Amino acid sequence: MTATKLLLMLSMMAAFAYLSLVGLTYVSQRTILYPGASWMPTPEQASWGENVSIRTPDGETLHATYSQAEPGKASVLFFLGNADRIGNYDFLAQALALRGIGLLAISYRGYPGSTGAPSEAGLMTDGLAAFDWLAGRTEGKIVVLGQSLGSGVAVNTAWQRPASAVVLVSAYLSVLSLAEARYPFFPVSLLIKDPFRSDLRIAQVRQPKLFIHGRRDAIIPLSSGKALFDIASEPKRMLVYDGSGHNDLWDTRMVGDIIRFVEALE
């Protein structure tokens, strides 16, 4: 075999391997993006609040847990991260309840107890349905709280609904930009199904906004959250926790910061 033929063969093998890897990433991207989805029919039984069902306009049923606010007090609508569970937030529900603040947390479509399969369009629909459900059950202010993947749902919900304020924890400029940074040799913009473009929506979110991010976050870098903060409209504030990363943000300090932000609206 001549050197030219060998080089051609190696090039073809490399191209095949590359295209195979791109194809595998394309077909599995939603499995990667939504690791908490299980399609399990059994609802998660949280140790706090009341288990409720929320019907979406496109016919899905969402499992959620609800702790009602005291009269005249605000409620927090919580959109979790992509691998999180409602039952992990007993500490938050209790801390809010001590101040009379309500909490509604939803399990996205395709996540435990909810029907359907996750997608960006689906999660955005879930967010609006949850807001409408909560607005029909409280006369107090509604503060939208979104963490990690849920920050994109929170931004869209506050853009399309009259939320009183927004808290964005470990927020990103877009999932598209994160994917481009993680897969620099892939044509991500052509392949991505769920880009979650918070950068195209945040300027239209006029409500007060609190951004919280860990300086050591290796999953959603602080630079991504800061970029979103920079293009957000006023009023806005950003808190950076120097010793925290992505999965160790929640502590009494953070809960206290959120409560003070919520109560300042009253």
Side-chain angles (χ1 to χ4, degrees), residues 43-56 61-81 84-109 111-114 123-169 171 205 207-212 237 239 249-266:
E44 181 182 28
Q45 301 300 314
S47 60
W48 61 272
E50 171 191 4
N51 290 317
V52 300
S53 294
I54 298 174
R55 191 76 170 169
T56 69
T61 300
L62 308 179
H63 170 66
T65 303
Y66 177 49
S67 176
Q68 188 171 10
E70 294 179 2
K73 292 289 186 176
S75 294
V76 172
L77 173 55
F78 189 15
F79 301 123
L80 282 64
D84 216 340
R85 292 287 186 269
I86 293 172
N88 293 337
Y89 291 91
D90 176 76
F91 69 93
L92 177 61
Q94 290 183 359
L96 294 176
L98 287 174
R99 310 294 296 187
I101 302 169
L103 178 65
L104 173 66
I106 69 168
S107 188
Y108 304 121
R109 63 184 60 204
Y111 279 65
S114 298
L123 266 64
M124 298 308 191
T125 299
D126 296 346
L128 299 178
F131 185 95
D132 294 342
W133 185 94
L134 182 56
R137 286 159 178 80
T138 181
E139 295 182 357
K141 298 179 185 296
I142 297 178
V143 177
V144 178
L145 166 61
Q147 179 174 5
S148 192
L149 181 69
S151 67
V153 183
V155 168
N156 184 74
T157 301
W159 174 45
Q160 298 198 51
R161 293 293 188 270
S164 296
V166 189
V167 180
L168 300 175
V169 179
V205 178
Q207 301 94 324
K209 292 167 287 294
L210 174 64
F211 290 73
I212 299 175
R237 182 188 180 198
L239 300 176
L249 277 171
W250 285 101
D251 57 17
T252 55
R253 169 186 56 175
M254 180 167 152
V255 173
D257 286 336
I258 291 173
I259 290 175
R260 281 187 287 274
F261 176 74
V262 172
E263 292 185 332
L265 303 170
E266 299 177 355

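Small disclaimer: the values here were computed from a predicted structure and weren't measured. Hydrogens, waters and symmetry mates play no part in the numbers below; they use all other heavy atoms, side chains included.
Between V205 and V155 the shortest heavy-atom distance is CG2-O, 3.6 Å. Residues Q207 and R161 approach most closely at NE2-O, 3.5 Å, considering heavy atoms. Listed here is the closest heavy atom pair of Y108 and L62: C-CD2, 4.2 Å. E263 and R99 make their closest contact through OE2-NE, 2.8 Å (heavy atoms, listed as atom of the first residue, atom of the second, distance). The shortest heavy-atom contact between L128 and T157 is CD2-CA, 4.0 Å. Here the closest non-hydrogen pair linking W133 and L104 is CE3-CD2, 3.8 Å.
A distance of 7.0 Å separates CD of Q147 from CG of L249, quoted to the nearest 0.5 Å. Here OG of S151 is found 11.5 Å from CZ of F79. Values are rounded to the nearest 0.5 Å. Here R85 contributes atom CZ and T65 contributes atom OG1; the two are 12.5 Å apart, rounded to the nearest 0.5 Å. Rounding to the nearest 0.5 Å places CE of M124 at 15.0 Å from OG1 of T56. Once rounded to the nearest 0.5 Å, the distance linking CZ of R109 with CD1 of I54 reads 12.0 Å. Note: L265 CG to S164 OG = 6.5 Å, rounded to the nearest 0.5 Å.
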- Message: Between L96 and F78, does the side chain to side chain contact (heavy atoms under 4.5 Å, CB included) criterion hold? Intermediate values first, please.
- Response: CA-CA 12 Å; L96 294 176; F78 189 15; over 6 Å; no
- Can D126 and V153 be said to form a side chain to side chain contact (heavy atoms under 4.5 Å, CB included), step by step? CA-CA 9 Å; D126 296 346; V153 183; over 6 Å; no
- Worked check of side chain to side chain contact (heavy atoms under 4.5 Å, CB included) between L80 and I106: CA-CA 8 Å; L80 282 64; I106 69 168; over 6 Å; no
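Looking at heavy atoms from C-beta onward, F211 lies out of side-chain contact with L239 at the 4.5 angstrom threshold. Side chains of V144 and V76 form no contact here, defined as non-hydrogen atoms less than 4.5 Å apart. Looking at heavy atoms from C-beta onward, L168 lies out of side-chain contact with I212 at the 4.5 angstrom threshold. Between V166 and P208 there is no side-chain heavy-atom pair separated by less than 4.5 Å. Between F261 and I259 there is no side-chain heavy-atom pair separated by less than 4.5 Å. Put simply, the side chain of Y89 reaches to within 4.5 Å of the side chain of D84, judged on heavy atoms. Two residues are said to be in side-chain contact when any heavy atoms from C-beta on lie closer than 4.5 Å; N156 and W159 meet this criterion. Side-chain contact check for V143 versus L77: every heavy-atom pair is 4.5 Å or farther apart.
Annotation: W48 is not in aromatic contact with F91 [ring centroid separation under 6.0 Å not met].
Residue-environment remark: CZ (R237) stays at or below the threshold of 12 foreign heavy atoms within 6.0 Å.
Listed for the T138 side chain is a donor-acceptor partner under 3.5 Å among the backbone atoms of G140. A donor-acceptor contact shorter than 3.5 Å is absent between the side chain of S107 and the backbone of G113.
N51 and Y66 share no donor-acceptor pair across their side chains, judged by distance under 3.5 Å alone.
Under the side-chain contact (heavy atoms from CB on, under 4.5 Å) test applied with I101, the options V262, L92, I258 reduce to a single match, V262.
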